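For reference, the structure is listed below as structure tokens.
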Amino acid sequence: MAYDVQTWINLAAYVGGGLAMGLGAVGAAIGEGYTAAQANEALGQNPEMSGDVFKSMLVGQAIAESASIFALVIAILLLFVNPSAPSAITASSLFGAGLCMGLGAIGSGVGSGIPGGQACLGIVRQPAAAGKLTTNMLIGSAVCQTPAIFAMVVALVLIFIDYSNAPLFPTWAALIGAGLSMGLSAIGSGMGGGFAAGASCEGIARQPESAANVTTTMLVGQAVSQTPAIFGLLISFVLMFKSHEASTTLSASMALLGAGICMGFGGIGPGIGNGMAAEGAVRWVARNMSHAGELMRIMLVGQAVSQSTAIYAMVISLVLIFVL
Amino acid sequence: MAIEGADIVKAAAFLGAGLAMGLGAIGPGIGEGMAAAKTCEAIGKNPKEAGLLTRTMLVGQAVSESTGIYSLVVALLLLFVV
């Protein structure tokens, strides 16, 4: 069974496009469902507020939806892409792009839905703070989208950069590894950012005068939660742009694929953990504003420890890429 | 692509090292985050005990970290020793 290069490219692009949209739909749907569930709970408590709650639910869901719209864009690009210099490597770069975008949209979709839902509950609880809540929700869920945006950047690079001069072995593995590294590590950071943003909406509804402190703590916590996704982005850029020495051994390819898998999975846990730490801190800054500084300090210490395993994963990935 | 036995073994060790460290990092990351979240909660309720709580959090996190370190050790063994 021998196929020409174009057949392999089509195969990879179609499977990649399917994975991009299929996986990319998971997160947004869960996140939006959560928002709608909280909105219904809020309406059950106070049906009079249905107009405000409905508006806030739709805005929250629209932001969560953007992750899956990125996935849709990449999927359509993959279905109709016409590579300028088709080669066997193009097949692996297109497949990697699909994996990257599909996995990368999961976390952001789930995460962005959480602040939307909490904002709906908060508006019913504290109608006077509706403006503050909406602003905070928008900031929080926008930050949750960054991992999905990183994933889209990597997917676009994989689709449009011409790799035809690179050696097929081991570049094929580096490109799939780059997709996995960014896509998987975005899951944790997207969800973690959502936990922090959800707690901040809840906190502002409870104590509207704490809004400034709560939003600041949320942003610091979310920024730290993003770092695993940034490590993932770094490793995928190294995998995509380093010129890999030609080698037909299986081990050279697997070292690069392994580097991507290592950083990708390694970013999930710390991203979620950092988000949980931020959630705890934000929740209690709202309840005990006089100790905001202390809470932020403890949050950062806890996040630093939680981050350590992502750093181990990055070290192992760099060793796999540069030392072996 | 000529594949020899030694090459397959090396390839498996590299892939295994990536899986060991990657999957091994998930648990400690989540667990340590939970510990930090609960510590923030406790400090919010009772700020006077911040020192004790921080100490306890760090000890708890250190224990939770141990599986991450096992993963790191196994990954390094797979890369450089086996």
Side-chain angles (χ1 to χ4, degrees), chain A residues 169 184 188 192 195 228 248-285 287-288 290-291 294-295 298-299 301-303 305-310 312-313 315-317 319-320 323-324, chain B residues 1-4 6-48 50-51 53-54 57-58 60-62 64-65 67-69 71-76 78-80:
Chain A
F169 302 99
L184 288 170
F195 297 155
T248 53
T249 58
L250 186 63
S251 53
S253 300
M254 287 307 123
L256 298 174
L257 187 61
I261 291 177
C262 178
M263 188 62 245
F265 280 117
I268 297 179
I272 297 180
N274 285 342
M276 286 177 164
E279 182 188 8
V282 167
R283 193 181 296 279
W284 284 87
V285 165
R287 286 162 169 75
N288 190 348
S290 52
H291 289 85
E294 200 147 13
L295 284 166
I298 295 297
M299 173 188 87
V301 172
Q303 286 182 322
V305 180
S306 166
Q307 192 75 274
S308 57
T309 47
Y312 299 163
V315 169
I316 295 290
S317 297
V319 167
L320 278 166
V323 181
L324 296 160
Chain B
M1 183 154 87
I3 299 174
E4 292 160 19
D7 185 28
I8 295 180
V9 171
K10 226 164 105 184
F14 290 166
L15 209 52
L19 282 171
M21 189 63 245
L23 295 173
I26 297 179
I30 298 180
E32 287 160 15
M34 280 179 176
K38 285 288 169 190
T39 308
C40 288
E41 183 183 330
I43 290 180
K45 285 180 181 161
N46 191 355
K48 274 195 230 105
L53 286 163
T54 310
M57 175 188 84
L58 285 175
Q61 286 182 323
S64 171
E65 182 75 20
T67 53
I69 295 175
S71 307
L72 180 69
V73 170
V74 168
L76 289 173
L78 280 169
L79 293 182
F80 294 111

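Scope of the values below: all heavy atoms of this structure, side chains included, with no hydrogens, waters or symmetry mates. Source: prediction; values computed, not measured. Order of the sequence lines sets the chain letters (A, B, ...), proteins ahead of strands, with each chain counted from 1.
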What distance separates [X] [atom1] from [Y] [atom2], expressed to the nearest 0.5 Å?
| X | Y | atom1 | atom2 | value |
| --- | --- | --- | --- | --- |
| A:Met263 | B:Met21 | CE | CE | 9.0 Å |
| A:Arg287 | B:Lys45 | CZ | NZ | 9.0 Å |
| B:Thr39 | A:Ile298 | OG1 | CD1 | 7.0 Å |
| B:Leu15 | A:Ile261 | CG | CD1 | 5.0 Å |

For residues [X] and [Y], determine if any side-chain heavy atom of one lies less than 4.5 Å from a side-chain heavy atom of the other.
| X | Y | result |
| --- | --- | --- |
| A:Thr309 | B:Ile26 | no |
| B:Phe14 | A:Leu320 | yes |
| B:Met57 | A:Val301 | yes |

Using only atom types and a distance under 3.5 Å, with no angle test, would you say the side chain of B:Asp7 pairs donor to acceptor with the backbone of A:Leu250? yes

Contact leader toward chain A among B:Val9, B:Leu58, B:Ile69, where contacts are heavy-atom pairs under 4.5 Å: B:Ile69

Proximity breakdown for [X] and chain B, heavy-atom pairs closer than 4.5 Å:
| X | answer |
| --- | --- |
| A:Leu324 | side chain |
| A:Ala281 | both |
| A:Val319 | side chain |
| A:Val323 | side chain |
| A:Leu295 | both |
| A:Glu294 | side chain |

At a 4.5 Å cut-off on heavy atoms, which part of [X] comes close to chain A: side chain, backbone, both, or neither?
| X | answer |
| --- | --- |
| B:Leu53 | neither |
| B:Glu41 | both |
| B:Met34 | both |
| B:Lys38 | neither |

Could you pull out the closest heavy-atom pair between A:Ala277 and B:Cys40, with the gap in Å? O-SG, 4.2 Å

Selection from A:Gly258, A:Ser317, A:Ser306 maximising heavy-atom pairs under 4.5 Å formed with chain B: A:Ser306

